[in-house]
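No experiment lies behind these values; they were computed from the predicted model shown. Atoms considered below: every heavy atom in the structure, side chains included; atoms not considered: hydrogens, waters and symmetry mates.
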Amino acid sequence: MRTFNAYHMYTLAFFGTSSFAVPLLQRLAADARFQVVVVGTQPDRPVGRKHLLTPPPVKETALALGLPVFQPERMRSPEALEALRAYSFDAAVVASYGQILPQAVLDLAPQRWINLHGSILPRYRGASPITEAIKQGDDVTGITVMIMDTLMDHGPTLSTATTPILPTDTTETLSATLAQLGAEHLPTTLFEYLEGRLTPQEQNHAAATPCALLRKDDGAIDPTTMEAVALERLVRAYTPWPRVSIQLAGQRVQLLRAHVGSEAPGALSINCKTGTLIIDELRPEGKAAMSGEAFLRGRRS
């Protein structure tokens with residue numbers, strides 16, 4: 001392994017795609033201990049009803065910072081590997097990238113591909129850890145800085161940091177909180193590891209719990225099969241995607257905000273397997289968002 005003096009600046013490759021990775025990229029780019037030499041991200045994708053080709057948030061950030069951008073369709077392709085070989089880097093940082101990196105890529109910087117994961121590993125390995133923490137009713141979550149291997153969130157850990165989950169948190173708000181926490185926490189952990197001051201710790205693999213990649217139809221729910229408290233958590237967990245949707249008054253509606261309560265005059269409520277859910281805001285299919293009260297008035301008119 002190479003040795004570095006105290007004044008060495010470490011060169012980095014950065015791989016990320018979603019807005020979760022943006023604060024970390026910004027922080028690393030501003031840190032005098034590091035130089036980001038290339039940013040890998042997913043290709044531009046069609047977005048919205050008009051299918052406008054849209055760059056991922058990390059690409060927009062990288063271009064604003066004047067950093068080279070690398071957008072392979074598949075990191076497993078020989079062409080992607082050869083393109084990445086053109087860059088020389090001491091270590092790589094990965095956050096919410098969206099592709100599994102093959103061993104040939106990890107071998108470009110052995111034991112120096114560092115991942116920021118949105119849970120306290122080994123809890124919630126997989127693609128939706130933030131959503132799962134809200135869905136399961138956890139009070140606390142956090143981030144883990146870990147060394148990558150070819151298995152999903154399996155490698156040894158370097159450090160963790162925790163934060164409470166608020167009763168009002170959605171996946172969107174909690175993701176923003178964890179993104180900032182990771183941006184504050186990872187750079188020093190990375191530097192200490194590269195300097196040889198941190199020893200990686202093997203995970204307790206027997207305690208690992210998985211979480212799956214979410215699909216659009218995961219949000220289609222029959223309220224009578226769920227407890228009201230669990231459905232309220234699911235509404236927050238599936239915000240902003242895939243959203244909880246139910247059949248209500250002969251049409252499908254998305255639940256945007258809700259709380260557990262009891263039936264009251266003027267409030268739109270639904271009976272669950274146990275308990276009652278009050279719908280504060282919803283979006284009928286093909287229509288704009290509206291309050292539960294407005295929806296109820298429309299049904300009566």
>> For Gln103, is the CD atom crowded, meaning more than 12 foreign heavy atoms sit under 6.0 Å from it?
In response: yes
Does any part of the side chain of Ile278, heavy atoms only, come nearer than 4.5 Å to the side chain of Leu268, both counted from C-beta? no
In terms of side-chain heavy atoms, does Thr276 have a donor or acceptor partner in Ser262 at a distance below 3.5 Å? no
Going only through I, L, V, M, F, W and Y residues with side-chain contacts under 4.5 Å, is there a path from Leu198 to Met146? no
Legend entry - hydrophobic_cluster_shared for Ile147 and Met152, side chain cutoff 4.5 Å: no
* Please answer whether the main-chain N or O of Pro167 pairs with a side-chain N or O of Arg236 as donor and acceptor at a distance below 3.5 Å. => yes
*asked:* Would you call the rings of His154 and His205 parallel, tilted or perpendicular, taking 30° and 60° as the class edges?
replied: parallel
Could you go step by step and tell me if Phe89 and Leu12 meet the side chain to side chain contact (heavy atoms under 4.5 Å, CB included) rule? CA-CA 5 Å; Phe89 49 90; Leu12 301 178; 5.7 Å; no
Here the gap from Asp149 atom CG to Gln111 atom CD, rounded to the nearest 0.5 Å, amounts to 8.5 Å
- Message: Quick one: does any side-chain atom of Ser128 pair with a main-chain N or O of Ala212 as donor and acceptor, under 3.5 Å?
- Response: yes
Does Leu256 share a hydrophobic cluster with Leu214, counting links as ILVMFWY side-chain heavy atoms below 4.5 Å and allowing steps through other members?
-> no
Check your understanding: Where the side chain of Arg125 meets the backbone of Pro210, is there a donor-acceptor pair that is under 3.5 Å apart?
Key -> no
Ignoring hydrogens and angles, tell me if any N or O in the side chain of Thr150 forms a donor-acceptor pair with the backbone of Pro102 under 3.5 Å. no
Checking Gln35, Glu195, Arg112 against Tyr10 for side-chain hydrogen bond (donor to acceptor under 3.5 Å, both in side chains), the one that qualifies is Glu195
Practice prompt. Report yes or no: does Thr54 contribute a side-chain atom to a donor-acceptor pair with the main-chain N or O of Leu52 at less than 3.5 Å?
Written response: yes
All heavy atoms of Ser175 vs all of Phe20, minimum pair found to be O-CD1, 3.6 Å
What one should report as the nearest heavy-atom pair of Gln203 and Gly155 is NE2-O, 2.7 Å
Checklist entry - Just wondering, do Glu60 and Pro55 contact through their side chains at under 4.5 Å, heavy atoms? => result yes
Minimal heavy-atom distance between Pro223 and Leu231, with the atoms involved, is CB-CD2, 4.1 Å
Looking only at atom types and distance, does a side-chain atom of Asp153 sit under 3.5 Å from a main-chain N or O of Gly126, one as donor and one as acceptor?
yes
Rounding to 0.5 Å, atoms OG (Ser291) and CD1 (Ile279) come to a distance of 11.0 Å
_What I want to check is whether the side chains of Thr239 and Thr170 have a donor and an acceptor closer together than 3.5 Å._
no
Review point. Is Arg45 salt-bridged to Glu73, cutoff N-O under 4.0 Å?
Key: yes
All heavy atoms of Pro187 vs all of Leu28, minimum pair found to be CG-CD2, 3.9 Å
**Prompt:** Hey, does Gln254 have a side-chain heavy atom less than 4.5 Å from the side chain of Tyr238?
**Reply:** no
### Query
Do NZ/NE/NH1/NH2 and the carboxylate oxygens of Asp31 and Arg33 come within less than 4.0 Å?
yes
Q. With hydrophobic residues grouped by side-chain heavy-atom distances under 4.5 Å, do Leu24 and Leu158 end up in a single group?
A. yes
Q. Is the backbone of Pro57 close enough, under 3.5 Å, to the side chain of Thr61 for a donor and an acceptor to pair up by distance?
A. yes
Classify the ring geometry of Trp113 against Phe15: parallel below 30°, tilted from 30° to 60°, perpendicular beyond 60°. tilted
(Q) Just so I know, are the side chains of Arg85 and Leu108 near enough to count as touching, which here means a heavy-atom distance under 4.5 Å? (A) yes
Item checked: Ile100 side chain reached by Arg76 side chain, heavy atoms, under 4.5 Å -> yes
Strictly below 4.0 Å, N to O, side chains only: are Glu293 and Arg297 in salt-bridge contact? no
Distance col, row Leu234:CG vs Arg243:CZ, nearest 0.5 angstrom, shows 12.0 Å
If you define the side chain from C-beta out and look only at heavy atoms, does anything of Val105 sit under 4.5 Å from Leu81? yes
Inset, instruction - Kindly indicate, with the supporting measurements, whether the criterion side chain to side chain contact (heavy atoms under 4.5 Å, CB included) is fulfilled by Val58 and Tyr97. - result: CA-CA 9 Å; Val58 162; Tyr97 175 51; over 6 Å; no
For Ile246 and Val244 the tightest heavy-atom approach is CG2-CG1, 4.2 Å
**Thr171 side chain to Ala237 backbone, donor-acceptor under 3.5 Å** = yes
Does Ser96 use its side chain to pair, donor to acceptor, with the backbone of Gly16 at less than 3.5 Å?
-> no
Here the pair of heavy atoms bringing Pro284 nearest to Gln251 is CB-OE1, 3.6 Å
message = Between Asn271 and Glu263, is there a side-chain heavy-atom distance shorter than 4.5 Å?
response = yes
So CG of Leu101 and CE of Met148: to nearest 0.5 Å the spacing works out to 4.5 Å
Quick check: does any side chain N or O of Gln71 sit under 3.5 Å from a backbone N or O of Gln42, one acting as donor and the other as acceptor?
yes
Show the numbers, then the answer: is there a side chain to side chain contact (heavy atoms under 4.5 Å, CB included) between Val145 and Tyr193? CA-CA 11 Å; Val145 180; Tyr193 173 64; over 6 Å; no
*Kindly indicate, with the supporting measurements, whether the criterion side chain to side chain contact (heavy atoms under 4.5 Å, CB included) is fulfilled by Val93 and Phe34.*
CA-CA 11 Å; Val93 174; Phe34 307 109; over 6 Å; no
Taking side chain as C-beta onward, heavy atoms only, is Asp44 less than 4.5 Å from Pro56? yes
Separation between OG1 (Thr157) and CG (Leu121), nearest 0.5 Å, reads 7.5 Å
OG1 of Thr141 to OH of Tyr124, rounded to nearest 0.5 Å, is 7.5 Å
Hydrophobic clustering (ILVMFWY, side-chain heavy atoms < 4.5 Å, transitive) - are Leu63 and Leu65 grouped together?
no
